[in-house]
Amino acid sequence: MKRRTFLKGTVTSGVIGVAASAGLLAPRMVLAAWPKSAFDANTVDDAVDALLGSVNLAESGDIKIKAPDIAENGAVVPITVSTGMPAESISVFIEKNPSPLACSFAFGSETLGFVSTRVKMRKTSNLIAIVKSGGKLLSARKTVKVTIGGCGG
Amino acid sequence: MAKKRIRIRAKMKGDVAEIKTIMSHPMETGLRENKKSGGKIPAYFIQEVICEHKGNKVLVASWGVAVSKNPYLSFKFKGGMKGDTIKISWSDNKGGSASAEANID
């Protein structure tokens, strides 16, 4: 019985160890629990700190945010974030939303620094994209004017 | 309803695989009011999306309520080949989940 538990333990840790050392899983991905505190935060700084552990951001010209200048419907705002840097993650914050963190994407090693989705915006606000690359946090922002809000208010 | 809950389109463009997907989900924010009862409609949204290529995670998304209804997601990765299987699965805040697979064209 003891021998069996011991074996089980070794096998599972062995598999995870191999996967991690082979670089198949970024460390963040292994621990991929939904970051509740970051989504609950109601300022951009708090959300960034809760999600990424630092608010030490550097502006970068190598991050492109593609979003409309004017969104007629705040419930569906298409947004594309792309960067030439090898990105570990891309996170999107919407300054004036009740919870600024909209979405965060953790990438595998072969995934390009590109993500496209659609988000809701309560009102005219800055979109902030933060790229984690080589342990650094780099950001870019773009203002989107919203004519009808998308939070049902 | 035989409605497909995840639609996937995967295509090779040179050496890059481009994945586009749409998931069927109401993505309730928890902020909208139910006009009849006057109460708030409870939040109901996808929290996590995992995208795998041949068993390797290429993208893990954490979402809040700000992602639009019937979420759209697109991403790109290297190392894929025509015919490879892409698996996309999501789980929501009420314990619901769905997954789907597609081959790269």
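Keep in mind that this is a model prediction, so the values were computed, not measured. Protein chains get the first letters and strands the later ones, always in sequence-line order, with residue 1 at the start of each.
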Verify same cluster id: A:Ile128, A:Met85 (apolar side-chain graph, 4.5 Å)
yes
Testing the basics here: between B:Ile22 and A:Arg118, what is the closest heavy-atom pair and its distance to 0.1 Å?
CD1-NH2, 4.2 Å
Distance col, row B:Lys76:NZ vs A:Ser82:OG, nearest 0.5 angstrom, shows 7.5 Å
Of the backbone (N, CA, C, O) and the side chain (C-beta and beyond), which part of B:Val49 lies under 4.5 Å from a heavy atom of chain A, both, or neither?
neither
Report yes if some heavy atom in the side chain of B:His53 is under 4.5 Å from a heavy atom in the side chain of A:Thr111; otherwise report no.
no
Around atom NZ of B:Lys87, are there more than 12 heavy atoms from other residues, nucleotides or ligands closer than 6.0 Å?
no
Any side-chain heavy-atom pair from A:Pro78 and B:Tyr72 closer than 4.5 angstrom?
no
Minimal heavy-atom distance between B:Phe45 and A:Trp34, with the atoms involved, is CE1-CZ2, 3.6 Å
Using a cut-off of under 4.5 Å for heavy-atom pairs, which of B:Lys78, B:Gln47, B:Met27 has the most such pairs with chain A?
B:Gln47
In terms of heavy-atom proximity below 4.5 Å to chain B, should A:Val92 be classed as side chain, backbone, both, or neither?
neither
Among the clusters formed by ILVMFWY side chains lying less than 4.5 Å apart, do A:Ile65 and A:Val44 turn up in the same one?
yes
Quick check on B:Lys69 against chain A: is it the side chain, the backbone, both or neither that has a heavy atom closer than 4.5 Å?
backbone
Would you name the heavy atoms of B:Ser74 and A:Phe114 that are closest together and state the gap between them?
OG-CE2, 3.6 Å
The reported gap from OG in A:Ser104 to CD in B:Glu48 (rounded to nearest 0.5 angstrom) is 11.0 Å
Expected output: side-chain B:Ser68 to main-chain A:Ala75 donor-acceptor under 3.5 Å
yes
Sort out for me which of A:Val115, A:Leu112, A:Ile90 touches chain B most, counting heavy-atom pairs under 4.5 Å.
A:Leu112
Give a yes or no on this: more than 12 heavy atoms of other residues, nucleotides or ligands lie within 6.0 Å of atom NZ of B:Lys94.
yes
Start with the C-alpha distance between A:Lys36 and B:Asn93, add both sets of side-chain angles, then the distance that settles side-chain contact (heavy atoms from CB on, under 4.5 Å), and finish with yes or no.
CA-CA 11 Å; A:Lys36 188 176 185 301; B:Asn93 66 324; over 6 Å; no
Same apolar cluster: B:Met81 and B:Val58, side chain cutoff 4.5 Å
no
To the nearest 0.5 angstrom, please state how far the CZ atom of A:Phe107 sits from the CZ atom of B:Phe77.
12.5 Å
Looking at OG of A:Ser99 and CG of B:Leu31, how far apart are the two atoms once the value is rounded to the nearest 0.5 Å?
7.0 Å
Does one hydrophobic cluster hold both A:Ile94 and A:Leu57, with members joined at side-chain heavy-atom distances below 4.5 Å?
yes
A:Lys120 side chain to B:Val65 backbone, donor-acceptor under 3.5 Å
yes
